[in-house]
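Labels below follow one simple rule: chain letters A, B, ... track the order of the sequence lines, proteins then strands, and each chain is numbered from 1.
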Amino acid sequence: MQYNFKSIEKKWQAYWSENSTNKVVENYKQDKFYILDMFPYPSGAGLHVGHPLGYIASDIYARFKKTKGFNVLHPMGYDSFGLPTEQYAIQTGIHPKIATDENTKRYRSQLDKLGFAYDWSREIRTSDPNYYKWTQWIFKLLFNSAYCTIQGKAVEISDVIDYFDSNGNIGASYFCDDNIEEFTASQWKLFSEEDKQRILLCYRLAFLSDTMVNWCPKLGTVLANDEVKEGRSERGGFLVEQKKMKQWSLRITAYADRLHEGLNDLDWSDSLKEMQRNWIGKSKGVTMKFNTESDDLIEVFTTRSDTLFGVSFLVLAPEHELVDRLTSDQQRNDVDTYLNSSRLKSERERQSEKKMSGVFTGGYAYHPFTGDKLEIWIADYVLASYGTGAVMAVPCGDQRDWLFANHYNIDISNIFKDVDISNSAYEGKEARIINSDFLNNLSCEDAINLSIERIVKEGIGEKRINYRLRDAVFSRQRYWGEPFPVYYLNDIPYLLDDKTFVTLPDIDKYLPTESGEPPLARAQKDDWNVFKGDRMDTNIMPGWAGSSWYFLRFMDPLNDTEFVSREKLEYWGQVDLYIGGAEHAVGHLLYSRFWTKFLYDKGLIFFEEPFKKLINQGMILGRSNFVYRIKDSNTFVTKSKKDEYETISLHVDIDFVDNDYLDLDKFKNWRNEYSDAEFILDSDGRYQCGFEIEKMSKSKYNTQTPDDLIEKYGADTLRLYEMFLGPLEQFKPWDVKGISGVHNFLKKLWRHIHDKDNNICVSVDTASELSYKSIHKTIKKVEEDIERHSFNTVVSTLMICLNELIEQECKNQSIISDFLILLFPYAPHITEEIWRELGNKESITLASFPKFNSKYLAEDQISCPVSFNGKMRFKILLPFNMDKNKIEDLVMSHEKTKKYLGSSKPQRIIIVPNKIVNIVF
RNA sequence: GCCCGGGUGGUGGAAUUGGUAGACACGUUGGACUUAAAAUCCAAUGAGCAGUAAUGUUCGUACGGGUUCAAGUCCCGUCCCGGGUACCA
């Protein structure tokens, strides 16, 4: 009998489950470590080999931290609200709850087979009413809060009321809002209750407003900006259009600056932080007011106030509020035509159009410094929703302005020294400024500073920071999500009281109503667990609502009176390590940070950032195989001969292919149409398939489930192999070719310490010096590598160590035990089995990491002199026990060294064991 | 266009601070064991040149330069691949 992974893995998985080995209990005296995976959306397709990659890494790190003495929280749950399940419900009529239950069951069994050490008693599902009632609770907090720009934090809505009672809101930008009405304190007091509510709605962090939204007709819902990729829905790939609708939004823009600044201290990858920075899009600049002929003020925003004297005209967005007043009678017709045509264009069409288009209003403005008369144009390359919706056009310094000026024959003046702008604008920042009055001869940076100073001093404008980030649309017109704890009276939204939450009502059909209302409008009065006012809110929250705070709930998932208890919150704190895919860079990861900062403001949690360290695991790509069918025939030709024919390439299931060679019988049996297929083969009688690396997908027949591989090699092998594939962060194609290598490693380990009858055979005699060297070298390297999350190199290190122990015929029990503990995080089943065979009563999960002893760590290598500088210092890598004369000889005999030293002798030699050494001459 | 990554044998990848490039594994080839297969074990394996051989020697980390006694690693320029993002003023 050899290494029987099937029975071993089954046995220990059952044991761990029966004995709740992985249950985590708060131990306030022990150091904690919180490690989290991005919880999965339980789709119908189940897991493929790409999914567990991050889970394996986190499991390894969690187990490792446990052997290092930490109390490790490593929970798992499901992000179980979402679109695909609902689409499935529409097609089949099956309630999303039932489909979700089935899918999670399947996920669970797949995860269990991999031997993960999750504490399943803490499992949460976002679609569980006991969970989402707390999501609703946070929504209520957001609704009852506003953002005070002076204090720089969220405040109670009652603070806003107090402020209005004594100050009104004239002039002050004391709170973040989207209100345009101004009123005095006395006017405020005279408003009706309804009017007050309507105004307050403009100040709440969760607010209802008419906004341009991304409407996806095919999905029948609105989408957030991060759910739209290149004008299409991220899920489904349907066209998305712009539409004005009354929607819930969250005022994330209030937090733009804190979200931007907070990135600096996070231990996240640079690329990911950069993505968030770009998404927030912070730009520092200045606003400037231009007087017009008609005595209006046009306010523009610019980051390049140094180019102030290069302005040749102004451009307004078509939606700008002054367009109508500025248009002259002669131009009225042209302007109306242009406005109509641009209104008909979707955002996408506007953006895809490369040609500049615009129209002259007939109006003029005056340059605030030169007094020059500037034409005012309208063009849709200026966006109404960014900055002030108007720009000062500097054709010599901005390519868009240059193209526009060129197209409409507007003069282009040059303010850059020694720069040719006849073919394009100069967008660099190196040139000196000329033709610019008080900015002449300054560098770009100095000119920006001086110009801002003057602009502010003369009262023409003020410093301003703009953000690209927009408020997050928070409602969806779908069914399978969190309902809002909101009812309406006279079309004004009111919250349900503190203790009341809405459970998702059952409905007969999951489609929108005939009148176009969301599916929840199908629910009759009695279908709701609570019904107040004229009507209930029939929107649901977006997919990211539940996932924006789930890491908090894991600390205390069963708490019925609080979202999480203070005590547990204080103990577990921030997530120390978060592992997941980079596709959530500007969605989930930004929203979680936003909610965390908000809850921090409310004094409910004690940290401002949710995830201290983040690792993005790279996607595992599939390797698809192709066969080549000769056109209009049922004959398939091998790869090497395909160019001799006119062929169509077809995806073929990778199960029928071994090492790119097709199993002809399996292929023929795949589908009826192939049963009498004919083949043109290679000279060796085989059919070779083509291949391509693509995303794993069912339709490409290139998915590989973990289940098949576990069946064939066992979970321990799969875990080791997924790590062995390469660096965690890297995108890599899945390829099973190498799996036999790690499987052999486990078999070798088994054989090394078992005899022919499969009995454990180790020795208690003292091992050789060499063997201690091997194991201690390995202990050191494994610890360092796991700590720096280099999970792939650990596997090699362990393989080398085992090879050495085998060669040394070392079966020393304590060395083997140490080795098992090192291997345990990667391969928990086989190590647990051997651990018990060695006579240990307790599970290996309770073992502690072996202590490394530096006395076994001498280097054997000698390298040549390595460094030379003017002071005649040399660096040399050598064993620390080598004597000085020998070193001297070594140095003196080295060819290149001789060249520099001639015959002089070293004066002093400084030796640092095992390190590079300085030799002073 | 802009911003981030990255480019190392036939393949996946090592090389942690500039210090023997190619660890470890796959694959391939040859051999042992076997009636045979599977399994296992041993050996060779970056390229070129010289040699019967041990061995010696030159080239070699996308390309071209540079710094250094020493460069896969640092600097400058070019090319290619991947990701993000875009009329954001």
*Asks:* Once you apply a heavy-atom cut-off of 4.0 Å, does A:Arg277 come out as touching a base, just sugar-phosphate, or nothing?
*Replies:*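 Touches nothing.
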*Asks:* With sugar-phosphate meaning primed atoms plus P, OP1 and OP2, does A:Lys747 contact a base, only sugar-phosphate, or nothing at under 4.0 Å between heavy atoms?
*Replies:*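 It contacts sugar-phosphate atoms only.
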*Asks:* Any side-chain N or O of A:Arg400 under 4.0 Å from OP1/OP2 of B:rC88?
*Replies:*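 Answer is yes, contact under 4.0 Å.
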*Asks:* Select base, sugar-phosphate, or nothing to describe what A:Tyr467 touches, counting heavy atoms under 4.0 Å on all strands.
*Replies:*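 If one applies the 4.0 Å heavy-atom cut-off, A:Tyr467 turns out to touch nothing in the nucleic acid.
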*Asks:* In whole Å, what separates the P atom of B:rU67 from that of B:rC49?
*Replies:*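 Pairwise P distance, B:rU67 against B:rC49, rounds to 34 Å.
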*Asks:* Look at A:Thr793 and B:rC24 and indicate whether a side-chain polar atom (N or O) is within less than 4.0 Å of OP1 or OP2.
*Replies:*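 Negative; the distance criterion is not met.
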*Asks:* At 4.0 Å (heavy atoms only), tell me whether A:Phe301 reaches a base, stays on the sugar-phosphate, or touches nothing.
*Replies:*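 The answer is base, as A:Phe301 lies within the cut-off (heavy atoms under 4.0 Å) of a base atom.
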*Asks:* Measuring from the side chain of A:Leu725 (C-beta onward, heavy atoms only), which nucleotide among B:rC24, B:rC88, B:rG12 has the closest atom?
*Replies:*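 Per side-chain heavy atoms of A:Leu725, the pick is B:rG12.
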*Asks:* Assign A:Arg464 to base, sugar-phosphate, or nothing according to its heavy-atom contacts below 4.0 angstrom with the strands shown.
*Replies:*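 Nothing, no nucleic acid heavy atom in range.
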*Asks:* For B:rA89, take OP1 and OP2 only and decide whether either is under 4.0 Å from a side-chain N or O of A:Arg468.
*Replies:*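 Checking B:rA89 against A:Arg468, no side-chain N or O comes under 4.0 Å of OP1 or OP2.
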*Asks:* Under the salt bridge (Lys or Arg N to Asp or Glu O under 4.0 Å) test, which residues partner A:Glu427, sequence neighbours left out?
*Replies:*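 A:Glu427: no salt bridge (Lys or Arg N to Asp or Glu O under 4.0 Å) contacts found.
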*Asks:* Any side-chain N or O of A:Lys732 less than 4.0 Å from the OP1 or OP2 oxygen of B:rG13?
*Replies:*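 No, A:Lys732 has no side-chain N/O under 4.0 Å of OP1/OP2 on B:rG13.
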*Asks:* Taking only side-chain N and O atoms of A:Asn792, does any of them lie within less than 4.0 angstrom of OP1 or OP2 on B:rC24?
*Replies:*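 For B:rC24, OP1/OP2 do not have a side-chain N/O of A:Asn792 under 4.0 Å.
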*Asks:* Under the 3.5 Å rule, do the base of B:rU16 and the side chain of A:Lys781 count as making a donor-acceptor pair?
*Replies:*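 When only heavy-atom distances are counted, A:Lys781 does reach the base of B:rU16 through a donor-acceptor pair under 3.5 Å.
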*Asks:* Of the candidate nucleotides B:rU85, B:rC3, B:rG84, which contains the atom at the shortest distance from the side chain of A:Met275?
*Replies:*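 Output: B:rG84.
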*Asks:* Is the shortest side-chain N/O distance from A:Tyr381 to OP1 or OP2 of B:rA89 below 4.0 Å?
*Replies:*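 Answer is no, no contact under 4.0 Å.
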*Asks:* Does A:Arg751 place a side-chain N or O at less than 4.0 Å from the phosphate oxygens OP1/OP2 of B:rC41?
*Replies:*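 It does, given that an N or O in the side chain of A:Arg751 lies less than 4.0 Å from OP1 or OP2 of B:rC41.
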*Asks:* Taking only Lys NZ, Arg NE, NH1 and NH2, and the carboxylate oxygens of Asp or Glu, determine whether A:Glu784 and A:Lys781 approach each other closer than 4.0 Å.
*Replies:*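 Salt bridge: no.
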*Asks:* Could you tell me which nucleotide pairs with B:rG27 by Watson-Crick or G-U wobble geometry, both distances under 3.5 Å, or answer none if nothing does?
*Replies:*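 Partner of B:rG27: B:rU45.
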*Asks:* Return the nearest nucleotide to the side chain of A:Ser796; candidates are B:rC3, B:rC24, B:rA89.
*Replies:*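 Minimum distance to the A:Ser796 side chain belongs to B:rC24.
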*Asks:* Tell me what A:Pro727 touches on the nucleic acid: a base, only sugar-phosphate, or nothing, going by heavy atoms under 4.0 Å.
*Replies:*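 Sugar-phosphate only.
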*Asks:* Please answer whether the main-chain N or O of A:Gly310 pairs with a side-chain N or O of A:Thr307 as donor and acceptor at a distance below 3.5 Å.
*Replies:*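 Not confirmed, A:Thr307 side chain does not pair with A:Gly310 backbone.
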*Asks:* Going by purine N1 to pyrimidine N3 plus the second Watson-Crick contact, or the G-U wobble pair, all under 3.5 Å, which nucleotide sits opposite B:rC2?
*Replies:*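 Result: B:rG84.
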*Asks:* Taking the minimum atom-to-atom distance to the side chain of A:Ile800, which one of B:rC24, B:rG27, B:rA89 wins?
*Replies:*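 Minimum distance to the A:Ile800 side chain belongs to B:rC24.
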*Asks:* Under 4.0 Å from OP1 or OP2 of B:rG82: is there any side-chain N or O of A:Gln730 that close?
*Replies:*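 No, A:Gln730 has no side-chain N/O under 4.0 Å of OP1/OP2 on B:rG82.
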*Asks:* Hey, which sits more toward the 5' end of RNA chain B by its nearest nucleotide, A:Ser271 or A:Gly726?
*Replies:*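 Here A:Ser271 is the residue nearer the 5' end.
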*Asks:* For B:rG9, does the O4'-C1'-N9-C4 or O4'-C1'-N1-C2 angle fall within 90° of 0, making it syn, or is it anti?
*Replies:*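 Here B:rG9 takes the syn form, which means its glycosidic angle is within 90° of 0.
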*Asks:* Where the side chain of A:Asn744 is defined as all heavy atoms beyond and including C-beta, which of B:rC26, B:rG13, B:rC88 is the nearest nucleotide?
*Replies:*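 Of the options given, the side chain of A:Asn744 lies nearest B:rC26.
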*Asks:* Can you identify which nucleotide, out of B:rU40, B:rG83, B:rA89, has its nearest atom closest to the A:Ser283 side chain?
*Replies:*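 The listed nucleotide nearest to A:Ser283's side chain is B:rA89.
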*Asks:* Can a donor-acceptor pair be found between the side chains of A:Asn466 and A:Lys284 at a distance below 3.5 Å?
*Replies:*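 Looking only at side-chain atoms, A:Lys284 and A:Asn466 do not form any donor-acceptor pair under 3.5 Å.
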*Asks:* Once salt bridge (Lys or Arg N to Asp or Glu O under 4.0 Å) is applied, do any residues pair with A:Glu783, and if so which ones, sequence neighbours excluded?
*Replies:*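 A:Glu783 satisfies salt bridge (Lys or Arg N to Asp or Glu O under 4.0 Å) with A:Lys68 only.
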*Asks:* Can you confirm whether A:Glu809 is buried at CD, in the sense that more than 12 heavy atoms of other residues, nucleotides or ligands lie under 6.0 Å from that atom?
*Replies:*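 Open: at most 12 neighbouring heavy atoms sit under 6.0 Å from CD of A:Glu809.
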